[in-house]
Structure formats: C-alpha cells, structure tokens
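Have a look at the structure below, then the notes.
Worth saying up front: this structure is predicted, and the values here are computed from it rather than measured. In what follows, chains carry the letters A, B, and so on, assigned in the order in which the sequence lines appear, proteins first and then strands, with residues in each chain numbered from 1.
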Protein chains: 2
Amino acid sequence: MKTIPENLLTSISKVAPLSGDPLELFINAAQKQIVKKGDYLLQEGNRCNHIWFVETGSCRGVHDNGNKEINTDFYFENTFITNLKSLRGNEPSAYNIQAMETSILRRWHKDELLALYGQSPDIAAFGRLWLEQLLIAQEAHMHWLKKYTPEERYQSVLSDSPELIQRVTLTQLSSYLGVSRETLSRIRRRIQ
Amino acid sequence: MKTIPENLLTSISKVAPLSGDPLELFINAAQKQIVKKGDYLLQEGNRCNHIWFVETGSCRGVHDNGNKEINTDFYFENTFITNLKSLRGNEPSAYNIQAMETSILRRWHKDELLALYGQSPDIAAFGRLWLEQLLIAQEAHMHWLKKYTPEERYQSVLSDSPELIQRVTLTQLSSYLGVSRETLSRIRRRIQ
DNA sequence: GGGCTTTTGTGTCAAACGTCACATAAACTG
DNA sequence: CAGTTTATGTGACGTTTGACACAAAAGCCC
C-alpha cells in the first residue's frame, strides 16, 4: 500500500466512512497527476474519463460563452472534481476544467470506479453519498442565485466564503455571481 | 404483488434497469397517497421523510421569501420528488412541496429505502443513477440561468418545455425564470 | 528593475428591470 | 349566474445593470 496523504483520508471520511479493504481498494485505484497553471484537466468537446481529487492547488469549471467566460465552479484543496454529465453520459463536455495554479491531483478512471462499485458495496455507498452531497450543494447554490440580489450575493461570499475572494480574480468571481465585471467592481466600492 | 401502473415501470427503467425480485421489492415498498390541490407533501420546517412518484397531477417546490414565493421546481406526471437535503441530513426543510392540483402519488419512506439499498445492490445502483440524473439536470439548470437573459430563458421554455407554460401560472413561472411577474408579462408581449 | 500583460477602476449612456398602482380578465364558488 | 377572488396587463418612474472606452494599478517575466 502506497503512502496516503492525511487530507485524502479526512476528505473521504467526510463523505462516508470507508476503512479496511474497501478503503485500500479505492485509494490504490488512484493515480497521481501534476498540472501547471492554465493546464486543462478537461477541455470542451472531449469526454470526461476521470474523477479528480485536489491535493494542493486549485481548479475552476469554466464555460465559453462567445467572447466571455462563465465560471461555474471553483475547486480548492481537498475537493473532488468531475463533469458528471460527460462522465456518465459518455458525451463531449460542454465546458472546461482548468488548473488555476500548479496543482497536485489524484484521479480515478471511470471504468475502474464502476468496477469498484461492483466489487464493494461500501465503495458504491460512498459514491452515492458523494452524489447526494454534490446535489445538495448544487440546489443550495441555485436557490441562492434566485433569492438574492447581486449585492447580497457578494456580501454572503464575503462572510461565508472569504477564501473565494482571496483566491479568485474579480473577473472570475463576477461571472460566478451572475453579474458583469464592472458591476461587481462597483458593488465592491459601495460596500467598502 | 399489487397491480402496478405501466408508467411507474417505464419511469423506473428510464433511470436504471430493474427487474425480477429487486423490482418487486422496490415497488411493494411504496404506498399510495392522494392529495388535493393546495395540500402540502412537505412544509417548511418539517423533516422530509419520503420520496414521491407522481402518477397523475403535478406539484411544485416553493420557497417563501418574505412576501414573495420563489418557485424552484415543477413536478409533472412520471417524475420523482424529494428534498434531499432534509431527507438525508435529517433536518427541517427550507421550503414547501405542494400539490398544484389533485394528484395521485406513490411514496417510499426513507428508512425503508435505506434498508432496500442494503438488501439489493440493484436498488442501490438505481438510487445512485437517479441521483446522477438529478445532479446533471440541476447543473444544466444553473448554467442556463447564468448564460441567458430573462427573455432568452423564456424563449427556451417556449421551445423546449411548452408544457410548463400550459400548466403553470405566469406568476409561478416568473420566479422560476428569475424575474418579476410584470417583467415576464412584458417579455411575453414583446415576443408574441 | 523595466517593459509587457493582465486585472481592476471609473465615466458615460442607453436598455432592462423592479416596484407601485390600478385596470382588466379569468377562474373559482356557492 | 352573480359575486368574489385570483391572475394578468399596463402605465409611470426611479434604480440597477451592461456595454464600451479608456485610465490606473497590479502582476509577471526576461
């Protein structure tokens, strides 16, 4: 058994308890991958074949929209990443997943992951719980978008996710909040 | 084995193939429930204990926001409903699920469903695939919200989900699209 | 550190939106 | 079918936003 970073174990246990053989099976199925700033984990048009775990660094999910980018997700340390629609539907990805800085990742191939689901009910349960958490977070994000004004949304990022403001450019954050770059710049001035 | 509506079988098979004993187990675990227009399947503040399947009729997911309602989901025939955050987190629901008309439902209790996951890998796989589809749909909905203007969003509902316009009031649709009732009324005039 | 690139701030203007108020139309109910 | 309630249309007005243009600041690289 290879040496395993503590953070990966902690992150797994936050999703579902996994130990013994299933844990070993799951972790040994991962490969290490190092990406530089700007590298793509997944490019629009290609099929997504992996699930990644961010050990260090950060990535973003970004849609091309004409001459603009729409940032839909930011992934920091100790989070899992994938494009489920492309991965499970075996179809071209509608967006990019890109490293925002040099990052160390671990990745699982989808075929291997599916095989693991068949081998171990514990790993299958882990997969289901992970999906549940993703879906819950996604629903919360959508309600948040509809319920609050752009200014309120920025306020809540300030108080609830200050890390985002430290690690993401204002331009990137603006599309995440659903406003133009200029408007976010003015919101920031109004507030401070 | 009770008589089972064709539609339920079809809807199940659209998520994942399920047959024989697991299918029978799953279907027999459901109870019939009939609700009248305006009845709540789930009220804000209460815990969600069920997953429902809409046999006939329709329901909506609706958030109370001060003196306004925000409609976040519409559920028509042959769809599954639940509030996953409340169901899995065992916490009070942040919103209501309400019948929009007299409806016939089937429902599964969460405890029974969890037991079924343990009993049958096929049912567990079904649960996971259902979550995957929900998550994929949810992500698509969010990208759609950020990518298009209110007018474009109305246009796409017109062409892609005309049923929505037939079966939902303009006021309900407006909060789903993320605009005021008056703005949607004017968009509709501009277009037609 | 100097030059280049990227990011952010800001002024101006037109368009879109939300809110309030009220009129009209449609649906429900007894 | 008459009365009531609910849903929708519309006018007026102020505010917010997006788009464009350009300046200032920050970050990056040789």
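- Residue contacts for B:R189: at a heavy-atom cut-off of 4.0 Å it reaches the sugar-phosphate backbone alone, with no base atom in range.
- The residues B:E101 and B:R167 are annotated as salt-bridged, a charged nitrogen and a carboxylate oxygen being separated by less than 4.0 angstrom.
- At a threshold of 4.0 angstrom between heavy atoms, the contacts of B:E151 with the nucleic acid are absent.
- We find the CD1-CG distance between A:I34 and A:D39 to be 11.0 Å, quoted to the nearest 0.5 Å.
- Between A:T183 and B:T149, the residue whose closest nucleotide on DNA chain C is further toward the 5' end is A:T183.
- As rounded to whole Å, 12 Å separates atom C1' of C:dG9 from atom CG of A:L184.
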Take B:T56 and B:N7, measure what side chain to side chain contact (heavy atoms under 4.5 Å, CB included) needs, and give me the verdict at the end. CA-CA 10 Å; B:T56 66; B:N7 283 341; over 6 Å; no
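- Rounded to a whole Å, the CG atom of A:N67 is 11 Å from the C1' atom of D:dA19.
- Side-chain contact check for B:I27 versus B:L9: some heavy-atom pair is nearer than 4.5 Å.
- Atom P of nucleotide D:dT17 and atom OH of A:Y154 are separated by 14 Å, given to the nearest angstrom.
- Contact annotation: A:K68 side-chain N/O to D:dA19 OP1/OP2 distance is under 4.0 Å.
- The closest side-chain heavy-atom distance from A:S175 to A:N71 is below 4.5 Å.
- Atoms CZ (A:R153) and P (D:dT17) sit 9 Å apart, rounded to a whole Å.
- Within the structure, a side-chain polar atom (N or O) of A:S185 is placed less than 4.0 Å from OP1 or OP2 of C:dG9.
- Summary for the helix from C:dG1-D:dC30 to C:dG30-D:dC1: the axes at its two ends, each from 5 pairs, differ by 60° when rounded to the nearest 10 degrees.
- Per the geometry, CD belonging to B:Q172 stands 14 Å off P belonging to D:dT6, to the nearest Å.
- The base of C:dC17 is not paired with the side chain of B:E182 by any donor and acceptor separated by under 3.5 Å.
- The aromatic rings of A:W52 and A:H50 lie tilted to each other, with the angle between the two planes from 30° to 60°.
- Salt bridge annotation for A:E151-A:R190: present, with a cationic side-chain nitrogen under 4.0 angstrom from a carboxylate oxygen.
- Taken to the nearest 0.5 Å, the NZ atom of B:K37 stands 12.5 Å off from the SG atom of B:C59.
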Spell out protein contact along nucleotides 22-30 of chain D as letters: B when the base is contacted, S when just the sugar-phosphate is, - when no protein heavy atom is under 4.0 Å; keep the 5' to 3' order. ---------
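- Under the 4.5 Å side-chain criterion, counting only non-hydrogen atoms from C-beta, B:F76 is in contact with B:M100.
- Residue B:R188 is in sugar-phosphate contact alone, with no base atom involved, counting any heavy-atom pair closer than 4.0 Å across all strands shown.
- You'll find a donor-acceptor pair under 3.5 Å spanning the side chain of B:R186 and the base of D:dG11, going by distance alone.
- Between A:L173 atom CG and C:dT7 atom C1' there is a gap of 14 Å when expressed in whole angstrom units.
- Phosphate contact (OP1/OP2 of D:dT10, side-chain N/O of B:R190, threshold under 4.0 Å): absent.
- A straight line from CG of A:N65 to P of D:dA19 spans 10 Å, rounded to a whole angstrom.
- Within 4.0 Å of A:T171, counting heavy atoms only, lie sugar-phosphate atoms of the nucleic acid but no base atom.
- Computed from coordinates, the A:L170 CG to C:dT10 C1' distance equals 13 Å when rounded to whole Å.
- A:W144 and A:Y176 have tilted rings, their planes meeting at an angle from 30° to 60° on a 0 to 90° scale.
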